[in-house]
Engineer: 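Would you mind keeping the following structure in view while I ask a few things?
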Amino acid sequence: METKIATWNVNSIRVRLPHVLKWVAEAKPHILLLQEIKCEDHTFPREAFEDLGYNIALAGQKTYNGVAILSREPLEDILIGLPNNDEDTQARYIEAVCGKFRVASVYVPNGMEVGSDKYAYKLAFFRHLNAHLEQRLKWGESFIVAGDYNVAPYEIDGYNPVAFRQERILCSQKEREALRQILYSGYTDALRALHPLQEHLYTWWDYRAGSWQANQGFRIDHLLLTPQAADLLIQSEVDVLPRSAEKASDHAPVWAVFS
DNA sequence: ATGGCTGAGATCCTCAGA
């Protein structure tokens, strides 16, 4: 049986609930990984997803951040937060086993401005994340780490090559190196693996300055796969239609299908 | 160099996003 796994930074699940339910009804993912739910666990709209047959694991937080795993298969072995990062109180990582796959929903810090404290926090988060993912590689599982990485790994992944040369956030050398270290360690970027040369393949468009209308986006949401998961990869796409809706999230859902 | 949009939550604005 094929398994469809999707990731979506929804920028508030309570505001976006109608959009997400509509997309889920059409796309029918077996596993949906959410970021920026921006609510505590007790205010997450559980029933709406349970009615559709999803099991739910949450790492919520008031106002900011928050990640979730929704799965048609029962959720087992749930891990909240990176194990080597106990002092970090921001809800940015959740992992669980769903059937034959281990999955994680990750929301890497934005970093705000290169050189700022938040940028240092972003790079520190990557150090913890990368250490954990290298450890997981040794388990030899089909593991999919998906979410908003807030990094465009190569120039082709942004509409504006100047942004890369100017060391802007999402594009700076250090954050790109941090993301690419995950790839070099053995993970496969699902979408790029299947569309190696495709331009204008974006997952996020700024709300401001008519970026969506001008298709001025960046590819910053990724599904990263262990070799065991990559061997099962059949298809991966961005669904850009939800980005065009009224009151849309600034991110589009990205998905992959596995055999 | 700046500003531009959106959401949350507390006040009529600030913080944060990216």
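Side-chain atoms are counted along with the backbone in the values below, which use heavy atoms only and exclude waters and symmetry mates. The chains referred to below are lettered A, B, ... by the order of the sequence lines, with proteins before strands, and numbering in each begins at 1.
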Engineer: For DNA chain B, note the earliest and the latest nucleotide, 5' to 3', having some atom under 4.0 Å of a heavy atom belonging to chain A.
Structural biologist: B/dG4 to B/dA18

Engineer: Just to be sure I understand the rule, does A/N65 reach a base, reach only the sugar-phosphate, or reach nothing, if contact means heavy atoms closer than 4.0 Å?
Structural biologist: nothing

Engineer: Please confirm whether A/R219 makes a cation-pi placement over A/Y202, using NZ or CZ under 6.0 Å from the six-membered ring centre and within 45° of the ring normal.
Structural biologist: no

Engineer: At under 4.0 Å between heavy atoms, what does A/R14 touch on the DNA or RNA strands: base, sugar-phosphate, or nothing?
Structural biologist: sugar-phosphate

Engineer: Classify the ring geometry between A/F126 and A/Y149 as parallel (under 30°), tilted (30 to 60°) or perpendicular (over 60°).
Structural biologist: parallel

Engineer: Are A/Y93 and A/H128 close enough that a side-chain donor and a side-chain acceptor fall under 3.5 Å?
Structural biologist: no

Engineer: If we take the P atom in both B/dA1 and B/dA10, what is their distance in whole Å?
Structural biologist: 37 Å

Engineer: Near DNA chain B, under 4.0 Å by heavy atom, which residues of residues 144-159 of chain A?
Structural biologist: A/D148, A/N150

Engineer: Identify, between A/I220 and A/I37, the residue whose nearest nucleotide on DNA chain B lies closer to the 5' end.
Structural biologist: A/I37

Engineer: Got a sec: does the CG of A/D117 have more than 12 other heavy atoms crowding it under 6.0 Å?
Structural biologist: no

Engineer: With rounding to the closest Å, how many angstrom separate the P atoms on B/dA8 and B/dA18?
Structural biologist: 14 Å

Engineer: Assign A/L170 to base, sugar-phosphate, or nothing according to its heavy-atom contacts below 4.0 angstrom with the strands shown.
Structural biologist: sugar-phosphate

Engineer: What integer number of Å spans the P atoms of B/dT14 and B/dG3?
Structural biologist: 14 Å

Engineer: Of the options A/L129, A/V151, A/N130, which is the one that meets A/L179 in a side-chain contact (heavy atoms from CB on, under 4.5 Å)?
Structural biologist: A/V151

Engineer: Quantified in whole Å, what is the C1' atom distance between nucleotide B/dC15 and nucleotide B/dT11?
Structural biologist: 14 Å

Engineer: Do A/K174 and A/E167 touch side chain to side chain, with heavy atoms closer than 4.5 Å?
Structural biologist: no

Engineer: Could you check whether A/W255 and A/W8 have their ring centres less than 6.0 Å apart?
Structural biologist: no

Engineer: A/R92 near the nucleic acid: base, sugar-phosphate alone, or nothing, with a heavy-atom cut-off under 4.0 Å?
Structural biologist: sugar-phosphate

Engineer: Quick check on DNA chain B: between A/R208 and A/R16, whose nearest nucleotide comes earlier from the 5' end?
Structural biologist: A/R16

Engineer: Side-chain contact, heavy-atom cut-off 4.5 Å: A/W205 with A/V240?
Structural biologist: yes

Engineer: Looking only at atom P, what distance separates B/dG9 and B/dG4, rounded to whole Å?
Structural biologist: 25 Å

Engineer: Would you check if A/F143 and A/L133 make a side-chain contact, meaning some heavy-atom pair closer than 4.5 Å?
Structural biologist: yes

